[in-house]
Structure formats: structure tokens, C-alpha cells
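All values below come from the heavy atoms of this structure, side chains included, with hydrogens, waters and symmetry mates left out. All residue numbers in this chain count up from 1 along the given sequence. Both counts, for ligands and for their atoms, begin at 1 and track the order of listing.
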Amino acid sequence: MEERGIRLNKFIRDAGICSRRGADRLILGGRVKVNGIPIRELGLRVIPQRDLVEVDQRPISPIKRKIYGILNKPFGVVSSLKDPEGRPCAGDLLKPLGVRVFFVGRLDFDTMGLLPFTNDGQWAQRLLHPKYHIPRTYKAIVRGDLSEEAVSTLRRGVPLSDGPTRGCKLKLLKRAEGVTEIRITIYEGRNRQVRRMFEAVGYEVIHLIRTGFGRLQLGDLKVGEYRLLEDPYL
Ligand code: URA
């Protein structure tokens with residue numbers, strides 16, 4: 001993914017100097033430098049963490065912007081910024097952002113899909129705190145022909161080593177070639193919860209993708225790419 005950063009006029013606006021349009025006028029007037037070079041064209045992008053922006057010879061820095069986004073985490077990637085074992089990290093995919101953020105919760109190494117990130121601790125807390133029961137929706141493929149009995153047991157809640165699960169929503173999407181495709185929405189975020197729920201009724205999850213988290217939706221975001229949210233949907 002190419003480094004995108006943010007538009008120079010937005011950087012100047014975020015630094016509290018003027019509006020974006022006012023920033024365009026400063027740029028056209030030759031009053032803005034990036035890394036010592038005078039900039040006169042509109043539309044240049046800068047990486048806030050890396051680039052030095054000056055207006056009228058004075059360095060400016062943006063007020064800390066709140067960042068909200070979602071990543072489509074690939075299979076075989078750790079949900080963290082760094083991994084002591086040197087495995088590929090989801091954080092590597094956010095490098096072009098140029099801003100320090102953290103992931104809101106985690107997905108297993110072998111689970112794909114929607115992984116929110118932010119630098120706003122309150123927002124993360126709101127999404128993760130068990131008392132809010134924020135829904136998490138997954139598409140799961142399980143080995144075998146999922147029985148009606150297993151479906152109703154899962155919907156009601158199953159006993160796990162860390163206590164019974166709350167009721168969940170479950171819809172059968174397809175049965176084909178020895179596997180069953182399901183959409184499942186749970187209202188908790190315990191470790192490996194979906195896999196353990198299916199194990200508890202005798203089935204193995206062979207593929208798991210998170211498609212929704214609260215009001216956040218994966219939509220058509222490509223695997224390994226991220227999208228910033230203008231409105232964090234709080
Ligand atoms: N449930 C799981 O089993 N794994 C995940 O990564 C998320 C939910």
C-alpha cells in the first residue's frame with residue numbers, strides 16, 4: 001500500500017492556523033514549506049509524524065487528531081503492533097498512516113476481517129467493555145453438516161470453561177461439500193469464543209471472518225487494507 005498521509009491543507013487546518021481554504025491560500029501564496037521546500041501546488045499529502053511543515057518560516061504541528069479506523073486483517077497475521085516472535089503483525093499494515101494507534105481488541109492469528117484501531121482510549125473502551133454487549137458478527141465455515149440441534153444449542157448459549165455464553169444470533173447460509181457456512185452474532189468478546197462455541201457442540205471452525213463490530217462494517221474493504229472513519233459511530 002502506498003503511503004497516503006493527509007492533505008497539506010488539512011494538516012494546516014488541524015494545527016489551528018486557519019480553515020482548509022485559508023490553508024490553500026497560504027500554499028498558493030508561497031508561505032508554506034514542507035521539509036524546507038516551498039510548496040505552491042494544492043493537493044500535496046504529508047505524513048504528520050515524518051514531515052516538517054512550516055508556515056511563514058515557523059514549524060507547525062497538528063493538534064493531536066483522534067484517529068478511528070478499521071483494518072481487514074489477513075489470515076496469518078498477529079493482531080498487534082509488534083510481535084516478539086517476529087511473526088507478521090497487523091501493525092505493519094498501518095505504517096502508511098504515520099500516526100501511532102492501537103488495535104481495539106484482537107482477532108486470532110488465523111481469523112480474518114474487521115479489526116478496529118484508534119488512538120482514542122475511550123472509544124476503545126466503549127467497544128470492548130463487557131457491560132455494553134456490543135455485537136460482533138462473523139462468517140464461519142465449519143466442517144460437516146451442522147445439525148439443527150447444534151444450531152438451537154448455540155443460539156441458547158453453550159457451557160465453556162470460562163462460563164456459559166450468552167444467547168447469540170445464528171443463520172445458516174449454505175451447506176455444501178461437507179462444510180456449513182454460517183453467520184453468527186455474539187454479544188461478548190472472549191478469547192477464541194466462536195471457535196470454542198462450535199467445539200462445544202462438536203464442530204470445527206475451519207474459516208472465520210469478522211464482518212461487523214457494533215455499527216462498524218467490513219463492507220468491501222480489501223484484505224490487508226484499512227479505512228479511516230470520518231464518523232466513529234459512537
Ligand atoms: N472468535 C474466535 O474464535 N476467534 C476470533 O478471532 C474472534 C472470535
Side-chain angles (χ1 to χ4, degrees), residues 69-85 87-94 101-118 123-144 146-147 150-174 179-219 221-227:
I70 60 171
L71 171 73
N72 187 347
K73 180 188 129 11
F75 180 87
V77 166
V78 191
S79 300
S80 59
L81 298 174
K82 276 213 175 111
D83 181 50
E85 293 171 34
R87 290 171 297 179
C89 290
D92 299 340
L93 300 165
L94 299 185
V101 289
F102 56 87
F103 291 108
V104 181
R106 47 195 299 279
L107 290 174
D108 299 335
F109 188 69
D110 40 9
T111 300
M112 300 172 63
L114 194 162
L115 184 59
F117 60 86
T118 187
W123 186 66
Q125 181 72 358
R126 182 77 180 74
L127 277 175
L128 291 180
H129 199 292
K131 78 176 176 196
Y132 297 119
H133 305 300
I134 302 282
R136 288 117 159 122
T137 298
Y138 298 84
K139 197 163 103 177
I141 297 181
V142 302
R143 202 181 299 287
L146 189 67
S147 69
V151 168
S152 21
T153 310
L154 285 164
R155 281 192 183 130
R156 278 197 307 270
V158 287
L160 296 181
S161 56
D162 47 0
T165 60
R166 296 173 67 85
C168 71
K169 281 194 196 148
L170 198 149
K171 188 171 166 33
L172 284 183
L173 300 176
K174 202 157 74 180
V179 297
T180 312
E181 196 176 308
I182 301 116
R183 184 165 64 234
I184 178 167
T185 301
I186 59 174
Y187 298 85
E188 307 159 276
R190 298 194 230 162
N191 194 27
R192 294 183 73 83
Q193 181 164 339
V194 174
R195 292 175 198 275
R196 289 193 295 138
M197 285 170 70
F198 281 98
E199 260 165 42
V201 291
Y203 292 85
E204 184 198 359
V205 172
I206 51 179
H207 195 51
L208 189 61
I209 308 174
R210 182 154 68 193
T211 57
F213 192 155
R215 290 210 245 155
L216 308 174
Q217 292 297 320
L218 190 60
L221 187 61
K222 295 203 177 78
V223 176
E225 298 206 342
Y226 65 82
R227 180 165 67 230

Identify the closest protein heavy atom to [atom]: which residue and atom is it, and at what distance?
| atom | value |
| --- | --- |
| atom 6 (O) of ligand 1 | Asp108 N, 2.8 Å |
| atom 8 (C) of ligand 1 | Tyr138 OH, 3.2 Å |
| atom 1 (N) of ligand 1 | Val194 N, 3.1 Å |

Would one find an N or O of Arg192, backbone or side chain, under 3.5 Å from an N or O of ligand 1?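 Checking ligand 1 against Arg192, an N or O pair does fall under 3.5 Å apart.
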Contacts of type side-chain contact (heavy atoms from CB on, under 4.5 Å), residue Val223, not counting sequence neighbours: Asn72, Pro74, Met112
Test of understanding: with side-chain contact (heavy atoms from CB on, under 4.5 Å), list the residues that count as partners of Thr137, not counting sequence neighbours.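 Arg183, Thr185, Thr211.
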Checking side-chain hydrogen bond (donor to acceptor under 3.5 Å, both in side chains) for the pair Thr165/Arg190: CA distance, chi angles, key distance, verdict? CA-CA 9 Å; Thr165 60; Arg190 298 194 230 162; 5.6 Å; no
Less than 4.5 Å apart, side chain to side chain, heavy atoms only: is that true for Tyr226 and Leu115? no
Is the shortest heavy-atom distance from the side chain of Arg136 to the side chain of Val194 under 4.5 Å? no
Can you sort out which atoms of ligand 1 are near Thr111, meaning under 4.0 Å from one of its heavy atoms?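 Taking each heavy atom of Thr111 in turn, ligand 1 has 4 (N), 5 (C), 6 (O) under 4.0 Å.
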Under-4.0 Å heavy-atom contact with ligand 1, by part of Leu208 that carries it: side chain
